[in-house]
Engineer: 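Handing you a structure now.
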Amino acid sequence: MNINERSLATLSNMNSQGSGGASNPSDEQTEPTSTFSFFALDYKKHEDLKQMLDSNKDNLKLEAMRRIIGMIAKGKDAADLFPAVVKNVVSKNMEVKKLVYVYLMRYAEEQQDLALLSIATFQRGLKDPNQLIRASALRVLSSIRVPTIVTIMMLAIRDAVSDMSPYVRKTAANAIAKLYALDPELKDELILIITKLLADKTILVNGSAVQAFEHVCPERIDLIHKNYRRLCNLLVDIDEWGQVTVLNMLTRYARSQFIDPNKTCEDEQKNFYEDETEKSAADEEQDEEIEKRTYIMDSDHRLLLRCTKPLLQSRNSAVVMAVAQLYYYVAPKSEIQIVAKSLIRLLRHHREIQTIVLKAIASMADKHKNIFEPYLKSFYVHSNDSGLVKRYKLEILTTLANASNISTILREFQTYVLSPDKEFGAQTIHAIGRCASTIPDVTEACLNGLVALMSKKDETIVAESVVVVKKLLQINPSQYSEIIKHIVRMVDKVTVPTARASILWLIGEYSDRISKLAPDVLRKMAKSFPDEETIVKHQILNLATKLYVVNAKQTHLLVQYVFNLAKYDTNYDTRDKARLLRALLFQADKCPALSKHAKKILLAPKPAPVLESIVRDHDQYTLGTLSFVIGQKAVGYKDLPEFPLEAPDPNVRNVEIIAPPTPQHDLFRKSNAGGGTATGGKKKSGTADDFYSDEEEDTSTEGPDDEEDEEDEEEEEDGDEEEEEEEEEGEDEEEENENEKPTTVEIKNNSNEYEQLDARPTNNVEQEDEDEDEDEEEEEEEEEESEEESDEEEDGSSDEEEPIPKQTSTVAKSASTIAVNDYTIPAQEKSLLDMDLEAFLGSASTTVQPAPAKPAMFDDLHGLDSLTTTSSTQAKEYDCLNRITGQGLQIQYRFPRTPFPQSPNMKSNLNIQGFGEIDVLPSGASKVVSIGIDFNDKTQPASFEILFDNNAQPTALTISSHVGELFEQRFLNEQEFNQHLARLRGMNEITGSINVDETQQSKFNFTTIQSKVLQCANLISVPSGSGDSSIFRFSGQTISSKSLLLLTIQLNPRQSTINLTINSDQIVLATMLLKELKQTFP
Amino acid sequence: MIHSLFIINGSGEIFMEKHWKTVVSKSICDYFFEAQKKCGNPEDVSPVIATPHHYLINICRSSLYFVAVLTNEGAPLFVIEFLHRIMDVFEEYFVTCTETTLKDNYVIVYELLDEMLDSGLPLATETSVLKELIKPPNLLRKVAHLVTGDSTNVSDALPSNQLSNIPWRRLGIKYTNNEAYFDLIEEIDAIIDRNGATVMGEIQGYIDCCVKLSGMPDLTLNFINPRLLDDISFHPCVRLKKWESDHVISFVPPDGNFRLISYHIGSQNSISIPIYVKSNIQYREGSSGRFELTVGPKQTMGKPLESVSIECAMPKSVLNCTLTPTQ
């Protein structure tokens, strides 16, 4: 046999080399269409293939395998080749191997015994040094669906989970679901493996691990706890398909672990006054109690919302939808808004995507009308939209219609009615009806419009109008007897059954108003009765009955006639109905009770029908799922769990804490009493007091060990990330560097002068200057306490509030804004309410959105102490944004001349450390925040943008550094000074002189000179040992490059001049400084 | 998630099928054909069709239907997006994605499908990774195949970028001429009423790039007025954080052609359209009429209008029309 085959094989080799050699490539192309078209040839062909497969030549094998794949692709049976193919699993040629794998995955299930032959190869493959081969062996092994090898699969997966290569681990994660499908009893073992995979540090694996989790054990939500924060933080970097899975899983997680953000916030309004008063008592024990009553979003909940938000910008519609779904189910009402825009963007994608997104929007709009209202026009129907898309758009427009926009919507609808797509026209009419019934203002207009439509030529339009008008008339019949008459006259023209039935019903119901017409209509109907549709027949019977009750004399015979016709109708429903009504009307003797009340029964007032949406229905299913789209429960569908009433212990997520991508993260931490919930991050202390400052000690003393652990963990993670990402994102830049100079930006709102009831002192415009220092000092104290959160709002309640990740922040402007997007902030609301009471004059801006800037933290005005030597000098104020251009917002800045300890290691030459959001800036109040700018020893202005007033238009601002501010003090004694001076001669020296008159000159002494110098540059005086009272020396160094600057001032009383000498490497700066000094002195 | 995939041509022939799990008979597609028949317009087929045991999700592109079969609950958008991605990959490999090209390259198609999905779950979808794994067909390789007879188009090592954090770019790219081109494309969708007034207008913009740079370039793109772009979606290579903080687009580009961003300027903003359109319809006695359409440029700040093409959809009842252009 063997020999035989061999010889055959060689034969065919010869053949194909002789004739087929040239024809091979062309063969490859034409083959799938031509080769297998004749069944007679099939058998022979297969023989041929077998021979090729048995040959020694790789390219023959490859050719054969390609043809076989072609058969599989066409859906032709190639099962009989199994033995020949499976042998080639050992082939060294990668492509042959691959194609054999494809073949095996397709047919192994059908030929399990033979498939076992290949297992050994896979097992060998699993140990191959090449990760691709390991992975593909595992893939095939798990895909061939042969139950007998379950144990082998299990072993293979277990090994692969700890493989070096993340790609193999990913494959293993995918294999878990396959194994589970094959043998559900392995669940417990698989869960252990999944637990391991979930904790995997590589993002490549995470998506698949979560996928496996969702397949095998979605109910084991406890496995997620420890990975929750990491998953949230890494979400952006997971591949897009993984993101969808993770997002869906996180939605479910959030629903089971956090409390409903919308429920509790309603109570808050009344609570916070109490909070305030109790707060003033400031008992730490009370805090616990209060906190329970006030809803504070769990920090992890907030983390989730924040980390998912950037994904709205994904190009993948499934990701965007998943985020929208997450927000819809998990976010507070006020924040759902942000998904609207992204969803609408998806409407420009492929038709299929449009359809599904619109369906989801329709459902969302139904529940939260306001979020889509601004985008009304995006739902206008385009002429090239597909039928489904049109329908959903119409539905959305109808849902969004309200008194203010109805006129535009109706104008649109008018166009749609005329659309050549009749079905769509009919749907539009239905929609008009719905608008008319929900918005009383336009009922009249709609009705008139619909009546006008009834005179159109088009049958379907007319019919639909009639049906809708009928429904509308029922709502308020008394006003519209004219319309009723009009409709009645149409009965001859209308042929669509539903419309005819509607008309007849109308006549019967309101026959008292058209008492003359009604019997005549009945007469006509009686004539055509046998030819009518069933639905019309029923209404004829109804009409007859009602007329008989009202006007028996005139219609008696007609009614009898109709009933007789009905008695012998072919439709049993009609016969039944006739029988029932007959008993009611004519057989008073048999059931007297009934016929006595016949009139009451038949002409009872009927409730008006509610015009229902045509598509609204699938609300019971989770948005965006398959079940939601098809409107029925799909296999494997699970409802989202309801929010728990009591939040489960948040500490379960604590064990493993990972550095968040931006240090801001832990500002969100919930400082509740239960919690040593020191969430991850850079800061150990202080964050607690962003809610209530007196809690600070509490948290900072809690579990120091814990925190240390976290730090370690975090550092490790940081390192990882850095390696992996090779990206310089904000978090990597946080090494300490004293290099930077803080600039204090003071934001004032002078637009009106209400006194602010906030904890902050108020500055009225007039008092500004005097108050300044006080203000600032207080600020500083606070800030020092709370170390690093200078960029947070002072009223301290903002930890939950920041709606936008990173640095931008909303500052609520008016009470109305607050109502929308805020539910946590007692202090803030208080001041706002106050403004309200003051008859808030709609004054311009109280809202500030500080600029987008680096996400790093920084410290505010750390120590004014360092300025003690210069305390006599006030830092000069500069205007950054004046009240007029800032629409009431004024920003001033000054240089506090203190080092900026938390400054990151700056890389580019103009780096700015921004400040976070200012939540609210009451009128007339001012607020001090710090912004760190590394000018890099240049006077180039730093420009940045600031957002305020919730308007998306940032205002561009620039802060230019004055040359004197580019220096910091460097203390030298006279000897050192002279040494350095000796080095910095020549090129590095510039001099200048100032003329002063006698009187002025006499005023100069050490103090005045020092104050003048300090006014324009941050230098320190060098104690003079020589006792020469006419020479003053100052020293300093540039902040970035630390190059020395020496200033010598010599008074020349005789020549009435002052000589200034500056020695420095930085001659440009020196020149500028000299100029500045000259201007200061006269 | 995706159980099977059927590729159907315009005339309703299933010319390719691929199963990732147990085989589903192709008769399942009858449900699809039925749904197709029910609504006259092929565009109106619901993208998701429920059958007793399976769920069919279909897309239609360049007159090919891709019908995916699901047995379980799963996000439909996920599947739709994925099917489109498969199409995109095919287009990238074979330039056009038609029945002929797919049939001609069925082996590659099959290998691709196998690589992209692992038992119905996406595995490698980045074309840069796929192109490393499975080489796209080109003339050179065809010739080489003819001459040497050696013709594997499958790589035997895992592409390095599959493991990296930037799977869209492979290592060791070299060009003698480093160049990068950026196309800014804007489409305006507008509805103009019969008086010529704009009812609504939306802009959809794209930045398509052709980047041919060596090594691992890290590019940044600044906008003079980034605030205009408030609704924007990015290629995964764009660093979202950077955008959010600085409004700078910072990215390590994929090699070759790709769409960097697409943005949408919604109907709330007022949009001026570069042309004006006026129309006038007169019905004459009998069954004819006259339809006048006037299109002309508005003030466009000196930019000339080019290649204006007008498509005018007539209702079905219009039998024929004669076109007379005037200036």
Side-chain angles (χ1 to χ4, degrees), chain A residues 25 29 32 59 66 69-70 73 75 93-95 98 102 131-132 139 143 166-167 174 178 211 236 241 244 310 313-318 321 341 345 348 350 352-353 355-356 374-375 377-378 380 386-388 420 624-627 629-630 632 634-637 724-725 729 806 852 855 952-953, chain B residues 16-17 22 26 41 43-44 46-48 50 55 59 71-78 80-81 84 103-104 106-107 110-111 114 118-119 121-122 145-146 149 152-154 156-158 162-163 165 191 200 204 227 230-236 239-241 244-247 264 266-268 315:
Chain A
Q29 298 209 340
N59 48 347
R66 283 182 174 165
I69 295 304
N93 183 312
M94 199 60 192
E95 189 166 15
K98 203 164 187 145
V102 172
Q131 50 181 343
L132 183 65
R139 261 178 73 190
S143 301
Y167 184 69
N174 284 344
K178 298 185 241 176
Q211 183 76 53
V236 190
W241 312 109
V244 179
Q313 291 173 329
S314 171
R315 64 167 172 177
N316 189 320
S317 61
M321 191 66 219
K341 219 178 347 180
R345 191 187 62 231
R348 281 296 313 239
H350 302 284
E352 297 86 5
I353 294 172
T355 318
I356 287 171
Y375 307 98
K377 283 186 175 174
S378 306
Y380 283 3
S386 80
L388 272 175
T625 58
L626 184 62
S627 310
V629 175
I630 57 176
Q632 66 189 46
V635 180
Y637 171 80
E724 287 169 20
E725 301 194 9
E729 285 173 358
K806 313 252 173 102
Q953 299 287 314
Chain B
M16 196 169 284
E17 58 182 70
T22 313
K26 59 165 95 168
N41 190 349
E43 292 241 305
D44 288 354
S46 165
V48 184
Y55 308 98
I59 64 162
T71 50
N72 271 313
E73 171 66 50
L77 272 183
F78 183 97
I80 291 173
E81 187 78 30
H84 277 295
K103 273 183 173 169
D104 285 352
Y106 66 96
V107 176
Y110 234 65
E111 282 166 353
D114 206 51
D118 176 14
S119 71
L121 300 172
H145 170 69
L146 260 178
T152 171
N153 52 6
V154 171
D156 57 356
L158 187 71
Q162 168 82 64
L163 293 178
N165 267 44
I191 300 177
M200 67 86 84
Q204 181 71 26
R227 275 166 270 153
D230 71 337
D231 185 15
I232 184 166
S233 73
F234 298 108
H235 189 276
R239 295 181 184 114
L240 295 176
K241 283 174 194 153
E244 256 172 44
S245 58
D246 304 352
H247 282 266
H264 181 251
S267 49
Q268 305 100 300

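Chain naming here is simple, since letters A, B, ... match the order of the sequence lines and numbering starts at 1 in each. Scope of the values below: all heavy atoms of this structure, side chains included, with no hydrogens, waters or symmetry mates.
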Engineer: Please classify the contact of T22(B) with chain A as side chain, backbone, both or neither, using a heavy-atom distance under 4.5 Å.
Structural biologist: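 For T22(B), heavy atoms of backbone and side chain both lie under 4.5 Å from chain A.
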Engineer: Identify the two heavy atoms, one from M200(B) and one from K377(A), that lie closest to each other, and give their separation to 0.1 Å.
Structural biologist: CE-O, 2.9 Å
Engineer: Apply side-chain contact (heavy atoms from CB on, under 4.5 Å) to residues S46(B) and L388(A) and explain how you reach the verdict.
Structural biologist: CA-CA 7 Å; S46(B) 165; L388(A) 272 175; 3.8 Å; yes
Engineer: For chain A, find which of H235(B), E81(B), M16(B), H264(B) contributes the most heavy-atom pairs closer than 4.5 angstrom.
Structural biologist: E81(B)
Engineer: Sort Q211(A) into side chain, backbone, both or neither according to what part of it lies under 4.5 angstrom from a heavy atom of chain B.
Structural biologist: side chain
Engineer: Check each atom of I69(A) against the heavy atoms of chain B and say whether the ones under 4.5 Å are side chain, backbone, both or neither.
Structural biologist: both
Engineer: Within this structure, what is the CD-CD distance for the pair Q313(A) and E244(B), rounded to the nearest 0.5 Å?
Structural biologist: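 Taking CD in Q313(A) and CD in E244(B), the distance rounds to 5.5 Å.
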Engineer: Between N72(B), D231(B), D114(B), I80(B), who has the most heavy-atom pairs with chain A when the cutoff is under 4.5 Å?
Structural biologist: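 Most pairs with chain A among the choices: D231(B).
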Engineer: Among all residues two or more places apart in sequence or in another chain, which pass the salt bridge (Lys or Arg N to Asp or Glu O under 4.0 Å) test with K341(A)?
Structural biologist: D230(B)
Engineer: Which heavy atom of G624(A) sits nearest a heavy atom of P76(B), and at what distance?
Structural biologist: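 In terms of heavy atoms, the two residues are closest at O-CD, 3.1 Å.
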Engineer: Which heavy-atom pair separates P236(B) from R315(A) by the least distance, and what is that distance?
Structural biologist: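 Scanning both residues, the minimum pair turns out to be CD-NE, 3.2 Å.
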Engineer: Below 4.5 Å from any heavy atom of chain B, which atoms of S378(A) appear? Answer side chain, backbone, both or neither.
Structural biologist: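 Both parts, backbone and side chain.
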Engineer: Could you check whether any side-chain N or O of E73(B) sits under 3.5 Å from a backbone N or O of L626(A), counting only pairs where one atom can act as donor and the other as acceptor?
Structural biologist: yes
Engineer: Which atoms form the tightest heavy-atom contact between S314(A) and S233(B), and what is the distance?
Structural biologist: O-CB, 3.5 Å
Engineer: Is a donor on one side and an acceptor on the other found under 3.5 Å between the side chain of Y106(B) and the backbone of R66(A)?
Structural biologist: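 Looks like yes, one N/O pair under 3.5 Å.
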Engineer: If you compare all heavy atoms of L240(B) against all heavy atoms of P310(A), which two are closest, and at what distance to 0.1 Å?
Structural biologist: CD1-O, 3.7 Å
Engineer: Would you name the heavy atoms of Y55(B) and V635(A) that are closest together and state the gap between them?
Structural biologist: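 Closest approach of Y55(B) to V635(A), heavy atoms only: OH-N, 3.0 Å.
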Engineer: Between I191(B), D118(B), L121(B), which has the largest tally of heavy atom pairs under 4.5 Å with chain A?
Structural biologist: D118(B)
Engineer: Can you list everything that forms a side-chain contact (heavy atoms from CB on, under 4.5 Å) with A318(A)? Sequence neighbours excluded, please.
Structural biologist: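 Checked A318(A) against side-chain contact (heavy atoms from CB on, under 4.5 Å); matches are V244(A), N316(A), L77(B), F78(B).
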